[in-house]
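Report on one structure; see the data block that follows.
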Amino acid sequence: MTSSEQAELIVFIILAPLAVVTALGMVLTRNAVYSALLLVVNFFCLAGFYVLLEAQFVAAVQVIVYAGAIMVLFLFVLMLLGIGNEVVVKEQMRGQRPAAVLLALGLLVAIVGALAAGVFDAEPASLAAANEGGNVEAIGRILFTRYTFAFETAGILLVVAAVGALVLGKRQP
Amino acid sequence: MLFGQRLRALAGWIATLAVAAAFVVALAAFFELLSHPGEERTQILRGYEWFTSGDLRVAFDLRWDPLSALMALVVTGVSSLIHLYSIGYMEHDERRETFFSWLNLFVASMLVLVLAQNFLVMFLGWEGVGLCSYLLVGFWFNRRLLVVNPLGRLVEGEPDDTREVWAPPAAKKAFLANRIGDVGFLLAMFLIFATTGSLDFDVVFGEAGALAAGTATAIALLLFLACTGKSAQFPLYVWLPDAMAGPTPVSALIHAATMVTAGVFLVARTHTIFEASGTAQTVVLLVGAGTALLAALIAIGQDDIKKILAYSTVSQLGYMFIGVALGPIGYAAGMLHLVTHAFFKAQLFLGAGSVMHGNDDDTDIKHFGGLRSAMPITFWTTMAAWAAIVGVPFTSGFYSKDQVLAAAFEHGGIGLLAWAIGVFTAGLTAFYMSRYVFLTFFGERRWPEGRHPHESPPVMTVPLIVLAVLALVAGFALTTFTGEGGRFQAFLEPVLGAPEEHESLAAAAGLSAAATGLAAVGAIVAWLLYVRPFDWLALRRRWAGAWRPLAEKLYVDQVYEFFTVNLGGALAAFLARNVDQRGIDGAVNGVAELVGSSARSGRRLQSGLVRSYALGVLGGAVLIVAFLVFRP
Amino acid sequence: MRVGPGAYLLLSAILFAIGVAGVLIRRNAIVVFMCIELMLNAVNLSFITFAKTNGSLDGQVLAFFVMVVAAAEVVVGLGILVAIFRKRSSTSVDDVNLLKG
């Protein structure tokens with residue numbers, strides 16, 4: 001094993017459990033703000049994974065957009081609505097929790113089963129050739145040539161979202 | 001109905017003239033028939049085609065032969081007399097024109113019945129007379145009729161009368177009992193058509209010999225079932241006594257002389273089928289003899305004069321059936337008894353009507369007594385009929401009843417049993433008929449205060465006289481002068497077949513003596529009890545235990561009522577509750593309930609809660625993915 | 001022992017499952033939203049992994065677009081949530097049950 005691979009392994013071993021734990025914590029904790037903060041940590045872990053996977057641009061975007069903007073937005077709303085702890089602890093819908101856990105586990109099993117078809121043996125190719133000139137430049141190259149239409153549409157989508165948010169946020173007279 | 005009120009008074013005369021004209025026509029046709037030699041006395045009139053269905057072609061064919069001629073003459077002749085009588089009897093009734101129109105309808109139906117050339121036309125007449133019987137028995141549907149209490153004065157304080165009846169139930173009973181018999185007729189027709197391919201008499205009787213014994217028995221017994229209904233034999237006789245709720249001329253005509261004889265005529269007409277089945281003949285014989293005895297016993301215990309005569313009719317019909325059940329030796333005897341019975345029974349009924357007419361329509365024999373001086377014509381004519389029915393030598397009843405009994409004796413085997421029963425019943429007949437005349441016309445007067453019994457007007461007494469004369473001489477006139485059974489038998493032979501060799505006349509005389517002797521005994525006993533001053537009411541009370549079953553008609557009606565009303569009602573209630581309410585309604589309601597409850601359960605899926613919907617989505621997704629991944 | 005793509009994909013599956021469970025279990029609408037975000041991120045991780053596996057950047061571009069859409073979605077979604085829950089005092093998802101019946 002090369003040193004980079006070794007390093008990768010070490011980082012993975014640190015970050016993976018952290019990601020899982022924070023995800024679990026986010027789901028289980030009563031306090032909504034704690035949930036949001038735990039999710040932020042989870043996003044940082046994911047950003048780390050992206051770097052490991054030679055997707056530096058996406059890692060940066062993850063931190064800036066997701067952790068930096070979206071989660072901040074979440075926290076804003078949480079503060080705005082004044083969320084305290086969830087009042088009612090007891091589950092009102094019978095069998096919902098066990099069913100949810102069971103089904104989630106079932107989904108996990110199903111997905112793993114799908115993966116077991118051969119992905120675990122796949123040889124990871126290096127992205128060195130694709131990342132010619134740096135990851136950002138490479139993505140930019142593809143983004144503005146092959147995915148131009150999607151890019152423009154994403155732009156429109158963002159505008160629509162912004163307008164929508166404005167409309168929704170408007171206080172009724 | 002035409003010309004309104006003015007014709008109403010004439011309605012009776014018009015009706016009577018119509019029937020009398022029919023009689024004249026029948027008489028003319030009869031003489032025309034006689035002008036042909038013996039073997040060619042059958043004429044068939046092919047009439048208008050009624051319908052065709054597949055292989056069956058039915059037309060209104062009529063047949064004129066000795067048998068139908070005899071019946072036609074009896075029907076129209078007796079009917080003319082009774083129509084005449086009714087003019088006087090129904091004088092004060094506000095619906096008398098309806099009465100006469102129905103009476104004429106009856107005569108027409110009866111003629112269709114006897115003149116038919118095929119089973120379906122005969123059935124048309126059969127049903128027609130049943131309908132008219134229903135209409136006429138229920139004629140006084142809006143009147144309360146008082147009926148004698150059979151247990152009157154049996155126990156201290158038991159009243160004489162007032163078991164009130166209404167006519168409609170009696171009419172319904174008559175119709176229903178007839179209907180049960182008619183089912184037999186219909187089934188017999190089906191069977192006949194199925195096995196012989198036709199309903200025409202000539203065709204069917206030609207094939208009768210070729211029928212399998214079982215088939216012939218089935219057909220014969222089904223036809224006989226119809227006879228037990230129409231001719232009031234056991235088990236369907238129960239309607240006849242109740243039918244006395246109708247006006248007395250109706251009782252005389254329909255329930256004595258004509259309609260009830262239709263069954264006897266049917267057996268005689270279809271005799272080839274009965275001859276093909278010894279079993280059926282035995283059944284008819286036993287039923288006839290049994291009914292004769294049963295009815296005679298019941299008649300002894302009745303205080304209502306019309307009921308006595310009704311049971312007497314049932315009993316005498318039994319004799320007729322004995323006659324026609326014996327095969328060729330008995331047909332003529334049975335038919336002769338039919339004719340003589342028509343005369344004397346019609347006379348007895350009309351006489352009873354005359355007695356009622358003069359006694360404020362009272363029918364209770366306990367209220368009569370010593371009427372012979374108040375109603376002489378009625379008295380003498382009734383005595384003539386009495387002589388005929390008990391079998392006083394040389395009266396018509398003597399000839400006919402003795403011929404039936406002689407034929408039974410000669411038949412041997414089961415015929416001997418029938419003979420013995422017949423002789424014993426003759427004794428009972430003499431007893432109860434003597435009781436009837438003695439209590440009514442002789443002895444001390446028992447009328448209530450204020451009643452003035454009087455004789456009836458001539459329009460009523462003339463028919464009485466005519467019938468009385470016929471009752472005395474008809475037997476003699478019809479049978480003597482030619483051979484064994486006399487020219488009556490010879491006359492019918494082309495239709496009914498000739499019997500085998502007879503015994504000698506001496507043996508017949510011996511048998512006759514037996515029956516006549518027993519009859520005399522019966523009459524004498526009645527004389528001792530009822531004419532001489534004797535407290536027969538006290539005797540009745542002493543023997544109340546034995547008297548009661550007789551008065552209560554041997555409980556046959558009660559048994560029937562239990563089965564039909566109680567059990568039938570219980571069955572109907574059971575079915576109504578379980579099959580109809582629980583079963584059918586339950587199924588229908590159940591379907592609705594099922595839909596409702598499944599909708600209600602399905603509704604719970606729509607909880608409105610996002611999370612449960614999400615759970616559903618997830619569940620489905622897991623299933624799909626699992627299926628795709630783990631596809632076998 | 002190397003960290004192969006299988007490990008990342010397994011991790012992605014785990015995170016996704018956790019997110020799903022969270023959506024079904026939590027009642028606070030905003031927390032539910034956050035679990036959805038978690039699910040989206042898990043998917044992003046698998047996209048990036050496949051990009052590495054296939055040796056092209058298409059997966060990364062796709063992940064990028066997912067993030068863009070997620071951002072837009074969050075904006076509008078939270079706007080809706082704020083609009084609804086401003087009127088009511090509770091943010092429980094169980095209270096929006098007008099579709100019941």
Side-chain angles (χ1 to χ4, degrees), chain A residues 1 5 8-9 12 16 19-20 23-24 26-27 32 35-36 39 42-43 46 49-50 53-55 58 61 65-66 69-70 73-74 77-78 80-81 83 86 92 96-97 100-101 104 107-108 111-112 115 119-120 122 124-125 127 130 138-139 142-143 147 150 154 157-158 161 164-165 168-169, chain C residues 1-11 13-22 24-28 30-31 33-35 37-38 41 44-45 48-49 51-58 60-61 63-65 67-72 74-76 78-83 85 91-92 94:
Chain A
M1 195 162 55
E5 286 172 357
E8 189 183 349
L9 182 64
F12 185 83
V20 174
L24 277 173
M26 185 214 86
V27 167
S35 286
L39 193 60
N42 190 59
F43 287 164
L46 284 176
F49 287 129
Y50 295 160
L53 289 169
E54 292 184 67
V58 179
V61 171
V65 172
Y66 244 116
I70 292 175
L73 194 54
F74 267 108
V77 170
L78 278 172
L80 183 67
L81 295 181
I83 303 300
E86 270 185 22
Q92 274 179 341
Q96 174 81 354
R97 279 189 191 161
V101 170
L107 187 65
L108 183 61
I111 295 175
V112 167
L115 292 176
V119 172
F120 284 110
L127 283 175
I139 287 189
I142 301 182
L143 197 60
Y147 297 109
L157 180 68
L158 285 170
L168 283 170
Chain C
M1 194 175 84
R2 226 171 3 92
V3 183
Y8 289 106
L9 290 173
L10 181 62
L11 179 63
I14 291 172
L15 288 176
F16 188 82
I18 292 173
V20 161
L24 294 176
I25 291 179
R26 294 305 295 261
R27 271 194 300 266
N28 191 324
I30 299 173
V31 174
F33 219 146
M34 286 196 284
C35 293
E37 293 307 313
L38 180 62
N41 276 281
N44 269 357
L45 179 60
I48 305 292
T49 310
K52 178 91 187 275
T53 311
N54 294 340
S56 75
L57 293 179
D58 295 317
Q60 295 185 11
V61 171
F64 173 72
F65 277 122
M67 276 186 224
V68 168
V69 173
V74 165
V75 163
V76 176
L78 283 177
I80 294 174
L81 279 177
V82 165
F85 293 118
T91 54
S92 170
D94 286 345

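Numbers restart at 1 for each chain; the letters A, B, ... are given by sequence-line order, proteins then strands.
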* Asked: Run the side-chain contact (heavy atoms from CB on, under 4.5 Å) check on A:L168 and C:V82 step by step: do they pass?
  -> CA-CA 8 Å; A:L168 283 170; C:V82 165; over 6 Å; no
* Start with the C-alpha gap between C:V68 and A:V61, add the side-chain angles, then the distance that decides, and say whether side-chain contact (heavy atoms from CB on, under 4.5 Å) holds. => CA-CA 10 Å; C:V68 168; A:V61 171; over 6 Å; no
* Asked: Yes or no on side-chain contact (heavy atoms from CB on, under 4.5 Å) for C:L78 and A:L73, after CA distance, side-chain angles and deciding distance?
  -> CA-CA 8 Å; C:L78 283 177; A:L73 194 54; 3.7 Å; yes
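The shortest heavy-atom contact between C:L24 and A:A100 is CB-CB, 3.6 Å. Closest non-hydrogen pair, C:A71 versus A:I70, comes out as CA-CD1, 3.6 Å. The two residues A:V27 and C:R26 come nearest to each other via the heavy atoms O-NH1, 2.8 Å. Among all heavy-atom pairs drawn from C:M34 and A:A36, the shortest one is SD-CA, 3.5 Å.
For a residue to count as touching a neighbouring chain, one of its non-hydrogen atoms must lie under 4.5 Å from one of that chain's; by this rule C:I14 touches chain A with backbone and side chain alike. Looking at C:V75, the atoms closer than 4.5 Å to chain A (heavy atoms on both sides) sit in the backbone and in the side chain alike. Contact annotation for A:F12: only side-chain heavy atoms (C-beta onward) come within less than 4.5 Å of a heavy atom of chain C. In this structure, the portion of C:V61 lying under 4.5 Å from any heavy atom of chain A is its side chain and not its backbone. Of the two parts of A:A16, the backbone and the side chain both hold a non-hydrogen atom closer than 4.5 Å to a non-hydrogen atom of chain C.
Ranked by non-hydrogen atom pairs under 4.5 Å with chain A, the options C:F33, C:F85, C:F16 are led by C:F33. Options C:N41, C:V74, C:V76 differ in how many heavy-atom pairs under 4.5 Å they form with chain A, and the most are formed by C:N41.
C:E37 contributes no side-chain N or O that, together with a main-chain N or O of A:Y66, makes up a donor-acceptor pair within less than 3.5 Å. Side-chain N or O atoms of A:R97 include none that pairs as donor or acceptor with a backbone N or O of C:I25 at under 3.5 Å.
Remark: A:L24 engages A:V20, C:I18 in a side chain to side chain contact (heavy atoms under 4.5 Å, CB included) (not counting sequence neighbours). Checked against ring-ring contact (aromatic ring centres under 6.0 Å, His included), A:Y50 has no partners two or more places apart in sequence or in another chain.
Looking at A:F49 and C:I48, their side chains never come closer than 4.5 Å, going by heavy atoms from C-beta outward. In this structure, C:M67 and A:V58 have side chains that are in contact, with non-hydrogen atoms separated by less than 4.5 Å. Using a 4.5 Å heavy-atom cutoff, the side chains of C:L15 and A:N42 are in contact. Annotation: side chain of A:L46 is not in contact with side chain of C:N44 (no heavy-atom distance under 4.5 Å). Contact check for A:L108 versus C:V20: no side-chain heavy atoms found under the 4.5 Å cut-off. Side-chain contact between C:F64 and A:L143: present, with at least one pair of heavy atoms (C-beta onward) separated by less than 4.5 Å. The side-chain heavy atoms of A:L81 and C:I30, taken from C-beta on, include a pair separated by under 4.5 Å.
Here the straight-line distance linking atom CD1 of A:I142 with atom CG of C:D58 works out to 5.5 Å at 0.5 Å rounding.
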